[in-house]
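These numbers come from a predicted model, not from an experiment. Side chains are part of it too, since the values below use all heavy atoms of this structure and drop only hydrogens, waters and symmetry mates.
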Amino acid sequence: MEGDCLSCMKYLMFLFNFFIFLGGACLLGLGIWVVVDPTGFREIVAANPLLFTGAYIMLAMGAMLFLLGFLGCCGAIRENKCLLLFFFMFILLIFLAELSAAILAFIFRENLTREFFTKELKKHYQRNNDTDVFSSTWNSVMITFACCGVNGPEDFEAIPPYSSSEKATPEACCQRELQSREGMFVDKEACLSGSERFQNRQGCYTVILNSFETYVYLAGALAIGVLAIELFAMIFAMCLFRGIQ
C-alpha cells in the first residue's frame with residue numbers, strides 16, 4: 001500500500017509540474033509579446049519604468065517556471081531527493097514573490113484610475129513634441145486605439161499648444177484611414193479646425209479598458225491557477241521527498 005501511495009504521489013507530482021511547465025511557457029510567451037509587439041504597446045511599456053520592469057519580470061518568471069517545471073518532472077520520475085529539495089526551495093521563493101507582487105498590485109491599484117491618468121496627461125503632455133517620451137507614447141496610444149485623451153478631446157482644452165501653429169486638438173486625435181502613424185488622415189484640416197466628424201471623440205480610458213477587460217480577467221484567473229498549482233506541487237514534493245528511502 002505504501003509503495004502504491006508513493007507511486008501515485010510521484011505521478012501526481014509529475015502532473016503538477018507539467019502544468020507549471022506549461023504556465024511558465026505561457027508567461028514567457030506573453031512577456032516576449034509585450035516586449036516585441038509592433039502595434040504600439042511596446043512604446044507604452046518603454047515609456048513607463050514600472051511597466052518596463054514588469055515586462056522583464058514576467059519574462060524572468062516565465063523562464064524560471066519553465067525551468068522549474070522541467071526540473072520537478074525529472075525529480076519526480078527519477079525520485080531524486082536533491083532535485084526535489086531544490087525544487088521545493090526554489091518554488092517556495094517564487095510563490096512568495098508572486099504573492100508579494102499580487103498584494104502590491106492590489107495596494108497600488110488606485111494609480112490606474114481615470115483621475116490619475118487625466119492628471120498626468122494635463123501635467124506632462126506636450127502635444128506633437130515627439131522628442132518627449134511621454135507625449136510620443138500618448139500619441140501612439142491615441143493613434144493605435146483611435147481614441148482621444150483620457151476622457152475625450154476636452155482633456156486638451158487646458159493644455160497649451162507646444163508651438164504657435166498648433167491647434168487645440170492634437171493631430172493624434174484625428175481620424176485616419178489606417179490606425180498607425182503612417183496612416184493617411186481622413187481630413188486633417190477639418191479635424192484640427194474643430195470638426196467633430198473627423199475627430200476620434202471617445203476617451204482612451206474607456207476604449208483600452210473595454211479592449212483589455214477580458215484579458216485582465218484571463219490573466220487574473222491564470223495567476224490564481226498558477227499559485228494553486230505551485231502550492232500543491234510544494235506539498236507533493238515534500239511528501240515525495242519524505243517517502244523516498
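The six-membered or imidazole ring of Phe198 lies away from that of Phe185, with a centre-to-centre distance of 6.0 Å or more.
Counting only residues at least two apart or on different chains, no salt bridge (charged side-chain N to carboxylate O under 4.0 Å, His left out) pair has a member in residues 56-66.
Summarising the geometry of Cys174 relative to Leu192, their closest heavy-atom pair is SG-CD2, 3.9 Å, with the distance given to 0.1 Å. Annotation for Thr118 and Asp155: closest pair CG2-OD1, 4.3 Å, computed over non-hydrogen atoms.
The SG atoms of Cys173 and Cys148 sit under 2.5 Å apart.
Note on Met238: it clusters hydrophobically with Leu96, by side-chain heavy-atom contacts below 4.5 Å among ILVMFWY residues. In this structure, Ile208 is not a member of the same hydrophobic cluster as Ile143, with clusters built from ILVMFWY side-chain heavy atoms closer than 4.5 Å.
The line from CG of Asn210 to OH of Tyr205 is 10.5 Å long, rounded to the nearest 0.5 Å. Atom CE of Met234 sits about 5.5 Å away from atom CG of Leu92, to the nearest 0.5 Å.
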Any chance you could lay out the side chain to side chain contact (heavy atoms under 4.5 Å, CB included) test for Val150 and Trp138, step after step, and finish with the verdict?
-> CA-CA 10 Å; Val150 177; Trp138 260 104; 3.6 Å; yes
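Annotation for Leu93: hydrophobic cluster partners, listed by chain and number, are none (ILVMFWY side-chain heavy atoms under 4.5 Å, direct or chained).
Every ring pair (Phe, Tyr, Trp, His ring centres under 6.0 Å) that Phe86 has, sequence neighbours left out, goes to Phe90. Residues meeting the salt bridge (charged side-chain N to carboxylate O under 4.0 Å, His left out) test with Lys188, sequence neighbours left out: Glu171. For Phe18, there are no ring pair (Phe, Tyr, Trp, His ring centres under 6.0 Å) partners, not counting sequence neighbours. The ring pair (Phe, Tyr, Trp, His ring centres under 6.0 Å) search around Phe21 returns Phe66, not counting sequence neighbours.
Here the side chain of Gln126 pairs no donor or acceptor atom with the backbone of Phe134 at under 3.5 angstrom. Proximity of a side-chain donor or acceptor of Asn139 to a complementary backbone N or O of Ala172 within less than 3.5 Å is not detected.
With contacts defined as side-chain heavy-atom distances shorter than 4.5 Å, the pair Arg114/Asn151 qualifies.
Between Gln199 and the choices Arg197, Arg201, Gln202, the side-chain hydrogen bond (donor to acceptor under 3.5 Å, both in side chains) rule is met once, by Arg201.
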